[in-house]
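Note that the structure is predicted; figures quoted are calculated from it, not measured. Lettering of chains follows the sequences in order, A, B, ..., and the numbering in each one begins at 1.
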Number of protein chains: 4
Amino acid sequence: MKKNKPKYKQIIDAAVEVIAENGYHSSQVSKIAKKAGVADGTIYLYFKNKEDILVSLFQEKMGQFIEKIEEEIQTKSNAKEKLLSMVEMHYSQLAKNHQLAIVTQLELRQSNKELRLKINDVLKRYLEVIDHIVQEGMDEKHFDPSLDMRLVRQMVFGTLDETVTNWVMNEQKYDLMQQANGVHQLLINGLSQSRE
Amino acid sequence: MKKNKPKYKQIIDAAVEVIAENGYHSSQVSKIAKKAGVADGTIYLYFKNKEDILVSLFQEKMGQFIEKIEEEIQTKSNAKEKLLSMVEMHYSQLAKNHQLAIVTQLELRQSNKELRLKINDVLKRYLEVIDHIVQEGMDEKHFDPSLDMRLVRQMVFGTLDETVTNWVMNEQKYDLMQQANGVHQLLINGLSQSRE
Amino acid sequence: MKKNKPKYKQIIDAAVEVIAENGYHSSQVSKIAKKAGVADGTIYLYFKNKEDILVSLFQEKMGQFIEKIEEEIQTKSNAKEKLLSMVEMHYSQLAKNHQLAIVTQLELRQSNKELRLKINDVLKRYLEVIDHIVQEGMDEKHFDPSLDMRLVRQMVFGTLDETVTNWVMNEQKYDLMQQANGVHQLLINGLSQSRE
Amino acid sequence: MKKNKPKYKQIIDAAVEVIAENGYHSSQVSKIAKKAGVADGTIYLYFKNKEDILVSLFQEKMGQFIEKIEEEIQTKSNAKEKLLSMVEMHYSQLAKNHQLAIVTQLELRQSNKELRLKINDVLKRYLEVIDHIVQEGMDEKHFDPSLDMRLVRQMVFGTLDETVTNWVMNEQKYDLMQQANGVHQLLINGLSQSRE
DNA sequence: TATGAATGAGAATTCATTCAT
DNA sequence: AATGAATGAATTCTCATTCAT
């Protein structure tokens with residue numbers, strides 16, 4: 001299995017670094033190879049083509065990203081706590097890894113439609129996590145049972161994505177983690193005057 | 001002023017058509033020129049370079065987009081109605097113009113960081129519209145006065161943007177307008193069990 | 001019509017020179033462009049791709065080659081004279097243009113199967129010239145009427161082609177034209193002891 | 001002597017198969033190694049480089065080819081019969097081995113000038129066979145003693161080669177062997193009205 | 001002998017932009 | 001103002017060959 005060989009991960013990590021530093025369009029395969037410490041041709045022993053590096057990068061990193069969120073959520077006992085945990089994990093993981101944040105929020109979006117479809121496939125798993133939390137909340141009667149799942153999913157993901165993108169575009173000048181509680185409250189209560 | 005000459009608008013409209021039909025990366029200047037019925041070189045009498053066509057396109061179209069939202073909102077008397085009106089206008093204008101929706105939601109995001117910074121400048125005006133509505137709602141005590149304006153702005157915009165992008169990526173198979181009320185409710189009440 | 005523009009012919013002539021001098025595999029498009037005195041990109045205004053240069057080269061040069069043979073043959077009154085004329089013209093034209101001889105006999109044969117099929121199309125016209133002469137000879141009862149046209153055509157063309165290729169491979173050390181009569185006699189009488 | 005080791009022949013036979021199936025340009029060393037059941041590196045224990053495989057292939061196969069022709073010819077008592085025998089053997093051997101025919105007539109001609117010079121060296125032995133037959137025919141006074149040996153050699157070889165190439169290019173749709181007599185007659189009598 | 005992972009040189013083509021007319 | 005022919009920089013991927021094991 002190529003994915004377990006050390007060079008596979010080396011190349012993906014080099015790709016993250018190179019893309020974060022140089023931007024998507026200035027990230028030539030030869031630059032990635034150099035940073036990974038392998039020959040250009042070696043890249044093609046592990047990846048079908050350049051796009052395959054990017055898709056694999058996203059799968060690998062986003063897979064771990066979602067896995068960690070799933071693990072953390074399991075330790076929580078109700079939907080509200082799970083949602084908070086998800087927001088916190090989403091933010092903390094990207095806050096911890098600035099380069100990855102740049103790559104996923106900005107650079108990889110410059111890819112073509114085909115690549116973005118593959119990226120969306122990876123995201124489906126994340127959307128399912130959201131769905132489960134919301135469903136649980138509705139079952140608990142803490143969330144409105146009449147909610148349209150698709151809209152909720154898009155609000156939650158859209159909000160998280162937009163807040164992270166803003167943070168990255170502002171060059172991470174403020175503390176992303178500090179927003180977690182506020183965003184959680186917003187998602188739970190919306191704009192309305194809170195009842196408490 | 002070049003912006004009032006007929007060819008200026010011709011070229012921008014051609015760009016929207018060409019990009020919607022062919023995708024960002026297959027939209028060569030020569031294709032836009034052909035569709036606009038002018039020579040390649042003529043483009044450069046009206047635009048500094050290719051990127052300038054795209055920025056101008058966004059300014060022109062998004063400017064009108066925001067203007068119409070502003071006009072419509074003025075006729076509403078409170079923040080909740082204004083927010084609903086904004087959601088409806090946002091959706092209706094893009095639903096009415098599929099090509100523009102494809103260009104703004106998918107194709108223009110493939111542009112490089114520099115171009116996206118300029119695009120963000122255009123969006124600032126829209127974000128200010130959101131801010132005004134939210135501020136008004138807080139003043140009316142209908143919206144929670146302790147809300148963090150930046151987070152709200154990002155939740156609102158992120159939700160609208162994500163819902164439209166999903167609709168476009170699903171090839172506009174469902175009716176975007178029908179979502180307006182649900183999204184409005186979600187933004188107002190969040191996930192919590194509604195009080196009514 | 002692009003074929004009548006001066007750059008079209010410039011590029012083809014440059015291609016003949018470059019291929020004859022450097023060999024097929026060392027004849028990069030950029031080398032041809034440089035020799036033709038145009039930019040690399042200009043090549044692609046006149047030719048679809050590199051292979052199209054080679055096919056066009058063959059069509060252009062071989063077309064003229066065959067045309068001249070046809071013209072010369074018309075002035076002869078019987079098949080034997082026409083055959084001699086054909087042999088002489090075949091040899092004289094290639095003897096006069098060493099570079100073209102190298103390209104057609106050696107370098108262009110290194111091309112892939114697809115290109116060779118296109119080259120064969122061009123040659124069909126030449127084979128028809130042979131067929132006409134042989135048919136005329138059979139009608140005159142000077143040539144054996146029971147001959148298999150396909151075999152004759154292949155013998156004649158194979159002989160001419162092989163003799164020219166040998167001459168080119170021997171770096172044109174001997175006089176190709178001096179062979180014309182001998183080859184003509186061979187084709188007419190074969191190996192048999194002549195009757196005269 | 002490496003040539004007698006089993007892997008030497010394995011590799012050559014694999015090369016014939018691979019080139020016949022995939023064409024010259026798609027016949028990578030790794031493909032040949034795989035078909036031969038050896039590692040890529042093993043090839044280089046038996047052959048200096050890729051070109052050496054091709055030259056050796058030609059030497060090996062053409063050597064056997066010529067040997068069989070020589071054996072068969074020995075059983076004939078005069079030049080005419082020997083010539084017929086040569087034509088028949090030439091055709092029958094290639095008709096029996098389609099893959100080899102494809103490789104020698106089409107694929108190996110795509111090689112570069114250098115390789116073809118080496119190939120020509122191998123063919124010299126065949127040309128000598130032709131020369132001997134012709135000389136014998138002239139001594140017997142059945143062939144015209146004033147013939148130019150070089151021209152005859154090129155006519156005979158050019159005719160055989162052209163007829164086989166045509167047969168291969170036409171995907172061996174007709175029976176090559178059936179042409180043997182006709183070609184033999186053509187070579188003996190040329191185009192002239194036969195005396196019988 | 002045999003292996004096969006790693007190497008790295010090498011080239012066609014596109015397309016934004018210019019500028020002589 | 002308008003044209004459009006000409007420019008030329010820039011990059012992925014293949015595959016023959018090597019060499020540590």
Output the rounded distance in Å from CG (C/N22) to C1' (E/dA11). 15 Å
In Å, rounded to the nearest 0.5 Å, how long is the span from CE of B/M62 to CG of B/L123? 6.5 Å
Specify whether B/Y126 and B/F65 have parallel, tilted or perpendicular ring planes, treating 30° as the upper limit for parallel and 60° as the lower limit for perpendicular. perpendicular
Report yes if some heavy atom in the side chain of D/S27 is under 4.5 Å from a heavy atom in the side chain of D/E107; otherwise report no. no
Just the rounded figure in Å: distance from C1' of E/dT7 to NZ of A/K34. 16 Å
Identify which nucleotide among E/dT7, F/dA2, E/dA6 has an atom closest to any side-chain atom of B/K7, counting heavy atoms from C-beta outward. F/dA2
State, without any angle test, whether B/D161 and B/Q105 hold a side-chain donor-acceptor pair at a distance under 3.5 Å. yes
Value in whole Å for how far the C1' atom of E/dA16 lies from NE2 of A/H25: 14 Å
Report yes if some heavy atom in the side chain of A/E21 is under 4.5 Å from a heavy atom in the side chain of A/Q99; otherwise report no. yes
Taking for each residue the nucleotide of DNA chain E with the nearest heavy atom, is it B/S27 or A/A39 whose nucleotide lies nearer the 5' end? A/A39
Is B/S30 close enough to E/dC15 that one of its side-chain N or O atoms is under 4.0 Å from OP1 or OP2 there? no
Measure the acute angle between the ring planes of D/F47 and D/Y8, then classify it against the limits of 30° and 60° as parallel, tilted or perpendicular. parallel
Among F/dT17, F/dG8, F/dT3, which is the nearest nucleotide to the side chain of D/V29? F/dT17
Would you say B/Y46 reaches F/dA2's phosphate, i.e. side-chain N/O to OP1/OP2 under 4.0 Å? yes
Residue mapping more 5' on DNA chain F - nearest nucleotide basis, B/V38 or D/N49: B/V38
Quick one: on DNA chain E, does B/E51 or C/Q28 contact a more 5' nucleotide (nearest heavy atom)? C/Q28
Parsed dot-bracket for DNA chain E after applying the Watson-Crick and G-U rules with both distances under 3.5 Å and | for other-strand partners is .||||||||||||||||||||
Does a side-chain heavy-atom distance below 4.5 Å link D/R109 with D/Y24? no
Any ion pair linking C/D40 and C/K31 (charged N to carboxylate O, less than 4.0 Å)? no
Detail all sub-3.5 Å separations between protein N/O atoms and N/O atoms belonging to nucleotides 18-21 of chain E.
none

In whole angstrom, give the distance that lies between atom CD1 of A/I43 and atom P of E/dA6. 12 Å
Starting at atom CZ of D/F47, determine the distance to atom C1' of E/dA2, rounded to an integer number of angstrom. 15 Å
OH of B/Y8 versus P of F/dA2: gap in Å, rounded? 15 Å
Student check: side-chain heavy atoms of B/I53 and B/Y46 closer than 4.5 Å: no
For C/K31 and E/dG10, what is the distance between atoms NZ and C1' respectively, to the nearest whole Å? 12 Å
With a 4.0 Å cut-off on N to O distance, would you call B/D121 and B/K118 a salt bridge? no
Rounded interatomic separation in angstrom, taking NZ from D/K50 and C1' from F/dA16: 8 Å
Taking only the side-chain heavy atoms of D/T42 (C-beta and beyond), determine which of F/dT3, E/dA6, E/dA2 contains the nearest atom. E/dA2
